[in-house]
Undergrad: 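What follows is a structure written as structure tokens; I'll ask about it next.
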Amino acid sequence: MASPRIAVIGSGSWATALAKLLLNNTAKINWFIRKPEDIALFKEFKNNPKYLSSVDFDISKISFFDSVSACIQNSDYLILAIPSAFLHTSFSGLKENDLKDKIIFSAIKGIVPEHNLIVGEYLNSVYNVPLQNIGVITGPCHAEEVAMEKLSYLTIASQNTANATTLSELLNCRYLRSSVSDDIYGTEYSAVLKNVIAVAGGICHGLGYGDNFLAVLISNAIQEIKRFVDAVHPIDRDINASAYLGDLLVTAYSQFSRNRMFGTMLGKGYGVKRAQLEMNMVAEGYYAVKCVYEINKNYNIHMPITNAVYNIIYKNQDAKKEIIELSNLLS
């Protein structure tokens, strides 16, 4: 059986890391990068001019596209790695037939704000992509460590485990090991929530809280995530597995976590807009916390950490007072 034609949709650090992994086992990939000038620089210098520029690529193995529809048309497997806030706009010109029979894996770890849906649900409801053709790529894994070829792990989730296995084999290499899961809802919602928790951890760090408090915050956070995913999609899952707890830990603790960085700036007194401008990167937790807060109105799950982050970001509540109140709810 011939290898599937694979497209990476997006040009950020995670898209770049995934492209690097795929090219270990794939003769050629398609790559959608929105700006033609970025493609021109990529071809000239043989690296992504904006993200993980230390990673060199064999340009002869990449077909670049600045049209998302053309890239999709020429591909069988799509790996989505653009910020969730831009997905709806990026796909706005597509029709249902454009995604017909495509196998789509989301590496986005966010909620589409315009629809309050995780990516898999968005593709299913808006473009009628069958759930069997949808998958999730989740951590624990940071793009920066993949770039440095430090041993990393991924979970590839799909209700069609054959599709997940195919992608898993294409990503596996000397420094990357992946496992397969069928929990597309739990892994994707968990990946969304861990970004919210990382923002909370960053806020606490910015306020001067130490490792002792952060450990309590994270141990309460995995319980909060479990309550949410069990309510939204109740199946038998081990919340302590690396796709859930591991992904939470790496995002909440790591120096590479943009969500933790965003939270740290808020804790130090930066306004939301100023923090976003200075980062020059998208912190998915900013969008995710509002969406999760709205979704939870239907479930009324006890989510004190999520509520605290929402209050700080969207209700302009004082971070110090909010975390003091939160600390009284933790155990």
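Predicted model only: the values in this text are computed from it and were never measured. Positions are given from 1 along the sequence.
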Undergrad: So does D66 get a backbone contact from the side chain of K35, meaning a donor-acceptor N/O pair under 3.5 Å?
TA: no
Undergrad: Other residues, nucleotides and ligands only: do more than 12 of their heavy atoms fall within 6.0 Å of NZ on K61?
TA: yes
Undergrad: Can you tell me if N163 uses its side chain to pair, donor with acceptor, with the backbone of S158 under 3.5 Å?
TA: no
Undergrad: Does a donor on one side chain and an acceptor on the other come within less than 3.5 Å for S53 and N47?
TA: no
Undergrad: Do M279 and Y270 belong together in a cluster built from hydrophobic side chains that touch within less than 4.5 Å?
TA: yes
Undergrad: Heavy-atom count check: over 12 atoms from other residues, nucleotides or ligands less than 6.0 Å from N316 CG?
TA: no
Undergrad: Between S190 (side chain) and T187 (backbone), is there a donor-acceptor pair under 3.5 Å?
TA: no
Undergrad: Tell me if the NZ atom of K268 is crowded by more than 12 foreign heavy atoms within 6.0 Å.
TA: no
Undergrad: List the atom of G12, the atom of Y51, and the distance in Å for their closest heavy-atom pair.
TA: CA-CD1, 3.6 Å
Undergrad: Would a single hydrophobic cluster contain both F105 and V136, if residues Ile, Leu, Val, Met, Phe, Trp and Tyr are joined by side-chain heavy-atom contacts under 4.5 Å?
TA: no
Undergrad: Side-chain heavy atoms nearer than 4.5 Å, only ILVMFWY residues, links allowed to pass through others: does that put L99 and L167 together?
TA: no
Undergrad: What are the two closest non-hydrogen atoms of V309 and A200, and how far apart are they?
TA: CG2-CB, 3.5 Å
Undergrad: Counting heavy atoms not belonging to K321, are there more than 12 under 6.0 Å from its NZ?
TA: no
Undergrad: Is the shortest heavy-atom distance from the side chain of V196 to the side chain of I305 under 4.5 Å?
TA: no
Undergrad: Any side-chain heavy atom of H115 sitting closer than 4.5 Å to one from S125?
TA: no
Undergrad: Under a 3.5 Å distance rule, please check whether N24 uses its side chain to pair with a backbone N or O of L171 as donor and acceptor.
TA: no
Undergrad: Between N296 and Y310, do the side chains contain an N or O donor and an N or O acceptor separated by less than 3.5 Å?
TA: no
Undergrad: Under a plain distance cut-off of 3.5 Å, with no hydrogens placed, do S257 and N259 share a side-chain donor-acceptor pair?
TA: no
Undergrad: Hydrophobic clustering (ILVMFWY, side-chain heavy atoms < 4.5 Å, transitive) - are Y293 and L329 grouped together?
TA: no
Undergrad: Just wondering, do F32 and I72 contact through their side chains at under 4.5 Å, heavy atoms?
TA: no
Undergrad: Evaluate Y244 against N240 for side-chain contact (heavy atoms from CB on, under 4.5 Å), listing each step before the verdict.
TA: CA-CA 6 Å; Y244 313 98; N240 295 316; over 6 Å; no
Undergrad: Is it true that, when you exclude D58 itself, more than 12 heavy atoms of the residues, nucleotides or ligands shown sit nearer than 6.0 Å to its CG?
TA: yes
Undergrad: Determine the sole option in L170, N30, T166 for which the side-chain contact (heavy atoms from CB on, under 4.5 Å) test with Y77 is passed.
TA: T166
Undergrad: For the atom pair OH (Y122) and CG (L87), what is the distance rounded to the nearest 0.5 Å?
TA: 5.0 Å
Undergrad: For E284 and N195, which I'm curious about, is there any donor-acceptor pair between the side chains at under 3.5 Å?
TA: no
Undergrad: Could you tell me how the ring of Y286 sits relative to the ring of F262: parallel (under 30°), tilted (30 to 60°) or perpendicular (over 60°)?
TA: perpendicular
Undergrad: Any chance CG of D318 has more than 12 other-residue heavy atoms, nucleotides or ligands included, within less than 6.0 Å?
TA: yes
Undergrad: Quick one: pull up OG in S219 and CG in L248 and give me the separation to the nearest 0.5 Å.
TA: 10.0 Å
Undergrad: What pair of heavy atoms forms the shortest contact from V229 to G186, and how long is it?
TA: CG1-O, 4.0 Å
Undergrad: Please find the pair of heavy atoms, one from L18 and one from A81, that lie closest to each other, and give the distance.
TA: CD1-CB, 4.4 Å
Undergrad: Check whether any side-chain N or O of S181 sits under 3.5 Å from a backbone N or O of S179 as a donor-acceptor pair, and report yes or no.
TA: no
Undergrad: With ring-ring contact (aromatic ring centres under 6.0 Å, His included) as the rule and sequence neighbours excluded, what pairs involving residues 154-176 come up?
TA: none
Undergrad: Starting at CG of N48, measure out to CG of D56 and round the result to the nearest 0.5 Å.
TA: 11.5 Å
Undergrad: Give me the atom names and distance for the closest heavy-atom approach of S178 to N172.
TA: OG-OD1, 2.7 Å
Undergrad: Should Y189 and V292 be counted in the same cluster of Ile, Leu, Val, Met, Phe, Trp and Tyr side chains packed under 4.5 Å apart?
TA: yes
Undergrad: Just how far is it from atom CD1 of I33 to atom CD1 of I39, taken to the nearest 0.5 Å?
TA: 5.5 Å
Undergrad: I need the full list of salt bridge (Lys or Arg N to Asp or Glu O under 4.0 Å) pairs touching residues 159-176, with sequence neighbours left out, sorted by first then second residue.
TA: E149-R174
Undergrad: Please report the interatomic distance OG(S11) to CG(L52), rounded to the nearest 0.5 Å.
TA: 11.0 Å
Undergrad: Just verifying a value: how many Å separate I104 CD1 and L123 CG, rounded to the nearest 0.5 Å?
TA: 5.0 Å
Undergrad: Taking the side chain as everything from C-beta on, heavy atoms only, tell me whether S90 gets closer than 4.5 Å to V68.
TA: no
Undergrad: Taking the side chain as every heavy atom from C-beta outward, state whether L326 and I323 have any atom pair closer than 4.5 Å.
TA: yes
Undergrad: Answer whether the closest heavy-atom distance between the side chains of V112 and F91 falls below 4.5 Å.
TA: no
Undergrad: Is the side chain of R227 donor-acceptor paired with the backbone N or O of M303 at a distance under 3.5 Å, no angle test?
TA: no
Undergrad: Can you confirm whether R34 is buried at CZ, in the sense that more than 12 heavy atoms of other residues, nucleotides or ligands lie under 6.0 Å from that atom?
TA: no
Undergrad: Keeping the roles fixed (side chain from N133, backbone from I103), state whether a donor-acceptor pair exists under 3.5 Å.
TA: no
Undergrad: Compare all side-chain heavy atoms of D183 with those of T155 and state whether any distance is below 4.5 angstrom.
TA: no
Undergrad: Looking at every heavy atom in both V192 and A288, which two are closest together, and how far apart are they?
TA: CG1-CB, 3.5 Å
Undergrad: Show the numbers, then the answer: is there a side-chain contact (heavy atoms from CB on, under 4.5 Å) between K109 and T138?
TA: CA-CA 8 Å; K109 303 183 180 181; T138 189; 4.1 Å; yes
Undergrad: Please lay out, stage by stage, how E322 and N311 fare under the test side-chain hydrogen bond (donor to acceptor under 3.5 Å, both in side chains).
TA: CA-CA 8 Å; E322 200 66 37; N311 290 340; 2.9 Å; yes
Undergrad: Show your working on side-chain contact (heavy atoms from CB on, under 4.5 Å) between F65 and N74 and close with a plain yes or no.
TA: CA-CA 10 Å; F65 293 83; N74 286 277; 3.9 Å; yes
Undergrad: Could you list the residues that satisfy ring pair (Phe, Tyr, Trp, His ring centres under 6.0 Å) with F57, not counting sequence neighbours?
TA: W31, F42
Undergrad: Between E114 (side chain only) and H88 (backbone N and O only), is there a donor and an acceptor less than 3.5 Å apart?
TA: no
Undergrad: Step by step, work out the side-chain contact (heavy atoms from CB on, under 4.5 Å) result for R258 and S13.
TA: CA-CA 11 Å; R258 63 189 66 180; S13 58; 2.9 Å; yes
Undergrad: Any side-chain heavy atom of I6 within less than 4.5 Å of one from L22?
TA: yes
Undergrad: Given 3.5 Å as the limit, does a donor-acceptor pair link the side chain of H142 with the main chain of V250, or not?
TA: yes
Undergrad: Just by modelled atom types, is the T161 backbone N or O under 3.5 Å from a matching donor or acceptor in the D182 side chain?
TA: no
